[in-house]
> 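Starting off with a structure, shown below.
Protein chains get the first letters and strands the later ones, always in sequence-line order, with residue 1 at the start of each.
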Amino acid sequence: MNEISFQPDDSLYRNRDSLSEDYTPQTIVGRDDEIKQYHTALQPVINGEQPSNIFLYGKTGVGKTAVTNYLLNQLADDAHRFDLDLSIISLNCEGLNSSYQVAVNLVNRIRAPEDQISKTGHPQYEIYEFLWRELDALGGTVLLVLDEVDNIGESDSILYQIPRARSNGNIADAKVGIIGISNDLAFRENLSAKVRSSLCEKSISFPPYDATELRSVLEQRADVAFHDNALSTEVLPLCAAYGAQDAGDARKALDLLRGAGDLARANNADMVTEDHVNQAQNELEREELMDGIADLADHQQLVLYALTTLEAEQETPARSQAVFERYKELCTFAAFDARTSRRVRDFLADLAKLSIIISSQRNDGLSGGQYRDHELDHNLTTILNAMSELIERVGIHQTVRTHIQNSDNIVLSE
DNA sequence: TTTCCACAGGAAGGTACGGTCT
DNA sequence: AGACCGTACCTTCCTGTGGAAA
């Protein structure tokens, strides 16, 4: 008979949620300069003047979003206190790769759920018309917070249109300011000249946290999250070290700490230890890879599969050409239409960008010329597991068959 | 110093798709 | 129904490139 029941377990955690990404702490640690600049840049808002456009630059997990939430909460409170009409519209631009899509999403964000517009079909100018109308209807001061705005890439016309909307007579009642948040430090340089001149932005750059700052951040959160003495002494420094390795990424460090806490809880440990952190680190890395691979389209996975079979034969590092040949074989085998070699080179570049494979440029000069070498950046078994769905569909290639048979932790079925 | 290999990867254009508007 | 819209995904074509060999 199964006897299973749930019971609350709060032996380690006091408040686990305070380690999550969307938790805004009471105070922000280690970002004093940035907060000061940001505060100054927001001053016109509270004066009821035309707001400045503000751009934040910095790698992931360096506090851009956290500081923004913290300051804008405060700003909204104070605006209320001084009877100012302030609207804050936030939009995460992840997955939106054009100004058009950003504009559509902004309109929908402002409009009521029953009044949404579709994401395609409208001409560009019409979308902007919708947007101007919605912004004017809001009136007062409107701050548009565009998180991860670098996703729009080259198509940056919205950043040109919004600052000019008022002088072009498209908007009469609202004072609109943009707050752009970018993970890509080069984004600013890549903006078109037209955009750069009309934005007149205040830019604030967020440097990576150093190990000390990272530790203060972790300590602050851990105080809220865990009971006293729930962490052994080396846990926070170790999380901070991993985070510092990852370009001063506080979010990674916090995820890691939570992962370690969860592991300790699952094991009924009375303390989180160094081991839990290391285990959690492996676990997170693996999860990230699995998710990355699962999101790939069929042909991208086939290219990866091709490289995987080459690796199983110890034929790596392999040239793009060799990968392409094996990929074509697999396509025939699986009755897929093969893409061209040019396209496969794009796929390989994508895989390298996702850190699934390592590609390096080689040059053998007059006898060999220039080419690229590719190899897996991860354990063969892990990658095969992550691709199991595709492999089951197209069949197991003979070169990995032995490997699969010799390996007891591959979940593939024939 | 010059030559030249073998690709890398940019540019441009085609096609199909899910949508709107009249 | 048919013109039109923006975009994802491909192909075709072609110029660029770094360094070993001559």
> Rounded to whole Å, how long is the line connecting atom CZ of R362(A) with atom C1' of dC5(B)?
17 Å
> Considering only heavy atoms from C-beta outward, does the side chain of C331(A) approach that of Y327(A) to under 4.5 Å?
yes
> Under 4.0 Å between a side-chain N/O of S98(A) and OP1 or OP2 of dG6(C), yes or no?
no
> Under 3.5 Å, which N/O atoms of the protein pair with N/O atoms of nucleotides 1-5 of chain C?
none

> Can you check nucleotides 20-22 of chain C for protein contacts, nitrogen or oxygen pairs under 3.5 Å, and list what you find?
unit_1: dA20(C); atom_1: N3; unit_2: L366(A); atom_2: N; d: 3.4

> Of F130(A) and D373(A), whose nearest nucleotide on DNA chain B comes first from the 5' end?
D373(A)
> Touch check for S341(A), heavy atoms < 4.0 angstrom, all strands: base, sugar-phosphate only, or nothing?
nothing
> Figure out the CG/C1' separation between L96(A) and dG6(C), and round it to whole Å.
14 Å
> Would you kindly give the CD-to-P distance between E126(A) and dG6(C), to the nearest whole Å?
10 Å
> Keeping to residues at least two apart or across chains, list the side-chain hydrogen bond (donor to acceptor under 3.5 Å, both in side chains) pairs with something in residues 95-114 of chain A.
R111(A)-E134(A)
> What residues, two or more places apart in sequence or in another chain, satisfy ring pair (Phe, Tyr, Trp, His ring centres under 6.0 Å) together with Y13(A)?
F226(A)
> Apply the side chain to side chain contact (heavy atoms under 4.5 Å, CB included) test between W132(A) and each candidate in V107(A), N168(A), I162(A); give the one that qualifies.
I162(A)
> Is there side-chain contact between L304(A) and M387(A), with heavy atoms separated by less than 4.5 Å?
yes
> Which whole-number value in Å describes the distance from H374(A) NE2 to dA6(B) P?
17 Å
> Q370(A) has an atom CD; how far is it from atom C1' of dC14(C), in whole Å?
16 Å
> Cut-off 3.5 Å, no hydrogens considered: what does the side-chain donor-acceptor table look like for residues 278-291 of chain A, sequence neighbours left out?
unit_1: N278(A); atom_1: OD1; unit_2: Y242(A); atom_2: OH; d: 2.8
unit_1: Q281(A); atom_1: NE2; unit_2: E285(A); atom_2: OE1; d: 3.2

> Hey, what's the ring geometry for H299(A) with F347(A), parallel, tilted or perpendicular (30° and 60° as the breaks)?
parallel
> Could you list by number each residue of residues 294-306 of chain A showing a heavy-atom separation from DNA chain C of less than 4.0 Å, or answer none if no residue does?
none
> Residues from residues 318-334 of chain A sitting under 4.0 Å of DNA chain C, heavy atoms only?
none
> Measure the CD1-OG1 distance between I28(A) and T68(A) for me, rounded to the nearest 0.5 Å.
9.0 Å
> Rounded to whole angstrom units, what separation is found between the OH atom of Y371(A) and the P atom of dT17(C)?
20 Å
> Quickly work out the D337(A) CG to dC9(C) C1' distance and round it to whole Å.
14 Å
> Verify the contact: side-chain N or O of Q101(A) to OP1 or OP2 of dG19(B), cut-off strictly under 4.0 Å; return yes or no.
no
> Can you list, in residue-number order, the parts of residues 343-351 of chain A that come under 4.0 Å of DNA chain C, counting heavy atoms only?
R343(A), F347(A)
> Specify the residue among G368(A) and R372(A) whose closest nucleotide of DNA chain B lies further upstream toward the 5′ end.
G368(A)
> Please output the side-chain donor-acceptor pairs of residues 81-96 of chain A that fall under 3.5 Å, not counting sequence neighbours, one pair per line with the distance.
unit_1: R81(A); atom_1: NE; unit_2: D78(A); atom_2: OD1; d: 3.4
unit_1: R81(A); atom_1: NH2; unit_2: D78(A); atom_2: OD1; d: 3.1
unit_1: N92(A); atom_1: OD1; unit_2: E94(A); atom_2: N; d: 2.8

> If you compare every side-chain N and O of T340(A) against the phosphate oxygens of dT11(C) (OP1, OP2), does one of them come in below 4.0 Å?
yes
> Identify the pairs formed between an N or O of the protein and an N or O of nucleotides 11-14 of chain B at a distance under 3.5 Å, and give each distance.
none

> Can you list the residues that meet the side-chain hydrogen bond (donor to acceptor under 3.5 Å, both in side chains) rule with S182(A), with sequence neighbours excluded?
none
> Step by step, would you call T316(A) with H374(A) a side-chain hydrogen bond (donor to acceptor under 3.5 Å, both in side chains)?
CA-CA 7 Å; T316(A) 53; H374(A) 312 276; over 6 Å; no
> Using the rule given for side-chain contact (heavy atoms from CB on, under 4.5 Å), can you reason through I178(A) versus I158(A), listing the C-alpha separation, both sets of side-chain angles and the distance that settles it, and then say yes or no?
CA-CA 10 Å; I178(A) 303 175; I158(A) 195 170; over 6 Å; no
> Quick one: pull up OG in S20(A) and CG in N15(A) and give me the separation to the nearest 0.5 Å.
9.0 Å
> Hey, can you pull the donor-acceptor pairs under 3.5 Å for the side chains in residues 136-144 of chain A, sequence neighbours left out?
unit_1: D136(A); atom_1: OD1; unit_2: A172(A); atom_2: N; d: 3.1
unit_1: D136(A); atom_1: OD1; unit_2: D173(A); atom_2: N; d: 2.6
unit_1: D136(A); atom_1: OD1; unit_2: A174(A); atom_2: N; d: 3.2
unit_1: D136(A); atom_1: OD2; unit_2: A172(A); atom_2: N; d: 3.0

